[in-house]
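The chains referred to below are lettered A, B, ... by the order of the sequence lines, with proteins before strands, and numbering in each begins at 1. All heavy atoms count here, side chains included; hydrogens, waters and symmetry mates do not. Keep in mind the model is a prediction, meaning the values are calculated, not measured.
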Number of protein chains: 4
Amino acid sequence: MKEKSKRQTDPALAQARRDQVLCAAADCFRRKGYHGAGMAEISKTAGMSAGHIYNFFASKEAIIESIIEQDMEKVFSIFQEYEDQPGDLVTILLDGLDYAVDHHTDVNQGALDLEMFAEAARNDKVAEQLRKSDCYAREKMRNLLLSERSLIKDLSATELESRIEVMFAMINGITLRKTLNPHVDKATLLLALRPAMRVLLVPF
Amino acid sequence: MKEKSKRQTDPALAQARRDQVLCAAADCFRRKGYHGAGMAEISKTAGMSAGHIYNFFASKEAIIESIIEQDMEKVFSIFQEYEDQPGDLVTILLDGLDYAVDHHTDVNQGALDLEMFAEAARNDKVAEQLRKSDCYAREKMRNLLLSERSLIKDLSATELESRIEVMFAMINGITLRKTLNPHVDKATLLLALRPAMRVLLVPF
Amino acid sequence: MKEKSKRQTDPALAQARRDQVLCAAADCFRRKGYHGAGMAEISKTAGMSAGHIYNFFASKEAIIESIIEQDMEKVFSIFQEYEDQPGDLVTILLDGLDYAVDHHTDVNQGALDLEMFAEAARNDKVAEQLRKSDCYAREKMRNLLLSERSLIKDLSATELESRIEVMFAMINGITLRKTLNPHVDKATLLLALRPAMRVLLVPF
Amino acid sequence: MKEKSKRQTDPALAQARRDQVLCAAADCFRRKGYHGAGMAEISKTAGMSAGHIYNFFASKEAIIESIIEQDMEKVFSIFQEYEDQPGDLVTILLDGLDYAVDHHTDVNQGALDLEMFAEAARNDKVAEQLRKSDCYAREKMRNLLLSERSLIKDLSATELESRIEVMFAMINGITLRKTLNPHVDKATLLLALRPAMRVLLVPF
DNA sequence: AATGAATGAGTCTTCATTCAT
DNA sequence: GATGAATGAAGACTCATTCAT
């Protein structure tokens, strides 16, 4: 038997604990906001003592930074998929909308995103992280739209930037829409979202 | 006899004081966020004692609610202008974009909006207010788009709703864009924003 | 009547409050030590809420610094008295021993001094303050011993420094003696202290 | 059969472990103070886990008590040396000053002593220990000064006590001097210390 | 009307100590 | 013996809110 549990210090366990905290914190932040959620509540949600959390994270701030980092990685992987996927770019991106709307209309994820944005407005480190992530995303998008298979690969830098900004504004805006109008559903959104997005992916 | 002074409870003065507080609070919230700004700072900015503020507002929460109410009224007046303005609707609305982008790229206003959104995620009363305001805005927009001078007045309710949601997403999304990419400027944004918006104002 | 109380903001009251805190803190530090005494206990002793103390002192550390400052001023005034007093220097200083022993055998004062010394070993700001005070005291002593009326005014700088150090060591050492042997009394101490001190005030 | 290992509870090893902890703790207390040094740091310095320390010491307090005990033993041995040494007592003791100043101007040792004194002010058990040690030291000194080879063997009990107190005050005071004036050096101190001490070892 | 002194509940964080392994 | 994960009771400090004046 290749059982090797009972190792005194199990690094996998530590990682699991860390994730527990991250999950619990995300959950609490969603419900109460970053400032509204106390370490006491987070620790209870995570199923461990408040003090123990500090074995994994230096501070409450470090927790939200870790959460943001996780999010960044998700964004990275999404763009990677776009790049790797063969076929017509317009189609790929418009199909991608489906997933994007799913993600941004997830009321839980949205609340967390909003929390991060609001925190960015007053916490420079968080702002920096978010901007780095966004910068990366814009760069990836730009590369995609400048590739051979793009219909707008000949656009001026400014025109391209503008389109990317508006595309991102639309996508991010959906998060706000879900907050302001929780009744709106994905299918309805896509009805107009797709044409609006398409117009940005082809020459005017 | 001494004139004018010592009149007890001058309602005009009271209103002026209230506005002072509202202004000061909005200013502080912009700079520090709702939780970051303390009553001490607000009172100093407002030029009155912390205790006195409680003669006008029941709590800190009541202050942000009042600020939101003010915002709502501004939104109302904007739609009123659209309604009253003669001429082609597409042109009116696209021209309106100019002002909207101005407003939403004002980094200070944006920070305040974000603060309100985040607060909505954890404060039901604030959420309710914001949603009511948004509901009203959507209704006004719907009426506008259903009026005789609209090119899409024959759209189905769902199609119309979808377009309104996406338009609003775009506009609100700009606030987030400004937070994530402070370098972006109004002119650049309008380059792609106008075509994307136009496509939503005419039949596909 | 020249009553002018009822002034809204009374600066004298504030000072009184500050002193209350200082007294209470000194008391608590004596009994429990700097780290052993909590703000809760200090505030209770001072007869005010813990939060209110922070209207007078930025931190717990600022409190002990203030206490040290008070002590420094007392030291200053003592040396001033020595300087101002006419007559034979040896007599003046030996008579001064009486007061010094009183002060240093006050078990309460001693405990506080010890607390400050210990804190100095780990808190640079406190150490700096204490050293500055000590440096001033040594300078004053040097001036006294170099004045015309001194019997050892012709000593070399090093010899003078040595004597001052030893005199101060004796005086400060009494604080420790009182801690280690609380039974020892002033009269007994003076029996040997005076001759030992005299030998340092005259040429060998 | 495997030799020597797995012997349960090797008392020599245990003692070595205990000493390790004592050394590490003394080191940490010197650098950070009793309250400033955490068990985590002590355990790391000692090269063992925090939990394991509790197999040797019931508490952090027990550690400092053990350290004090060690110190006491050192004091004992010093006095033993004085007793055993043949020759003139005044000479022996004045020569002993050399070592004493060395010890008390060791800035690290001094910090630890101060820490113990301060702790004594708030921890009765520590105070008791320190006093017991001091009492023993005074007794030894008294015996020395009452022995045949002493020049002051005919002094009254009170006079003798006084002299001992002042001698000890001087020696202990040096620790404080080093804290307040780190620049002072041994040679300079001895210049005045020796004559002051001598006067206490001979009839006035 | 207006002040600001005063409160105290609540915050994040630290750390001596315990215990399952 | 030995570990270090885990605890939880403090700790200093903040801040919205109240109230005597």
Just compare F:dT7, F:dT3, E:dT3 and give me whichever is closest to any side-chain atom of B:Met48. E:dT3
Name the closest nucleotide to the A:His52 side chain, picking from F:dT7, E:dT17, E:dA2. F:dT7
Mind calculating the distance between CD (A:Gln20) and C1' (F:dA6) to the nearest angstrom? 12 Å
Does this structure show an ion pair linking B:Glu115 with B:Arg30, if we count only N-O contacts that are shorter than 4.0 Å? no
Protein-nucleotide distance (B:Lys44, atom NZ; F:dC15, atom P), rounded to Å: 13 Å
Could you tell me the Watson-Crick or G-U partner of E:dT21, where both distances fall under 3.5 Å? Say none if there is no partner. F:dA2
Along DNA chain F (nearest heavy atom to each residue), the more 5'-positioned of B:Gly51 and B:Gly36: B:Gly36
Measure from OH on B:Tyr34 to C1' on F:dC15 and round the result to the nearest Å. 12 Å
Please give, in whole Å, the distance from E:dG10 P to B:His35 NE2? 14 Å
Name the closest nucleotide to the B:Arg17 side chain, picking from E:dA2, F:dA12, E:dA16. E:dA2
For the side chain of A:Phe56, counting heavy atoms from C-beta on, which of F:dA6, F:dG1, E:dT17 is nearest? F:dA6
Value in whole Å for how far the P atom of E:dG4 lies from CD1 of B:Ile42: 17 Å
Partner lookup for E:dA1, please. Criteria are Watson-Crick or G-U wobble with both distances under 3.5 angstrom; report none if nothing qualifies. none
Rounded off to whole Å, could you give me the CD-to-C1' distance for the C:Glu41 and F:dA12 pair? 14 Å
Which nucleotide, E:dT3, F:dA6, E:dA6, lies nearest any side-chain atom of A:Leu13? F:dA6
Which part of the nucleic acid, if any, lies within contact of C:Ser59, taking any heavy atom under 4.0 Å across all strands shown: a base, the sugar-phosphate backbone alone, or nothing? sugar-phosphate
Quick check: on DNA chain E, is the nucleotide nearest D:Lys60 upstream (toward 5') of the one nearest B:Ala50, or the reverse? Name the residue that is more 5'. B:Ala50
Please assess D:Phe56 against D:Leu22 for the test side-chain contact (heavy atoms from CB on, under 4.5 Å), listing each intermediate value before the final yes or no. CA-CA 10 Å; D:Phe56 309 115; D:Leu22 248 20; over 6 Å; no
For C:Phe29 and F:dA12, what is the distance between atoms CZ and C1' respectively, to the nearest whole Å? 12 Å
Going by distance alone, is a donor N or O of one side chain under 3.5 Å from an acceptor N or O of the other, for B:Arg131 and A:Thr179? no
Given that B:Ile53 and D:Ala37 both sit by DNA chain E, which one's nearest nucleotide is further toward the 5' end? B:Ile53
Nearest to the side chain of A:Tyr54, heavy atoms from C-beta on, is which of E:dC12, F:dT17, E:dT7? E:dC12
Got a donor-acceptor contact below 3.5 angstrom from the B:Lys44 side chain to the B:Ala50 backbone? no
Would you name the heavy atoms of B:Cys28 and B:Glu41 that are closest together and state the gap between them? SG-CG, 3.9 Å
Between B:Glu65 and B:Lys125, does any side-chain N to carboxylate O distance fall below 4.0 Å? yes
What's D:Gly38 touching, base or sugar-phosphate or nothing? Going by heavy atoms closer than 4.0 Å. sugar-phosphate
Using whole Å, report how far CE of A:Met39 lies from P of F:dC13. 20 Å
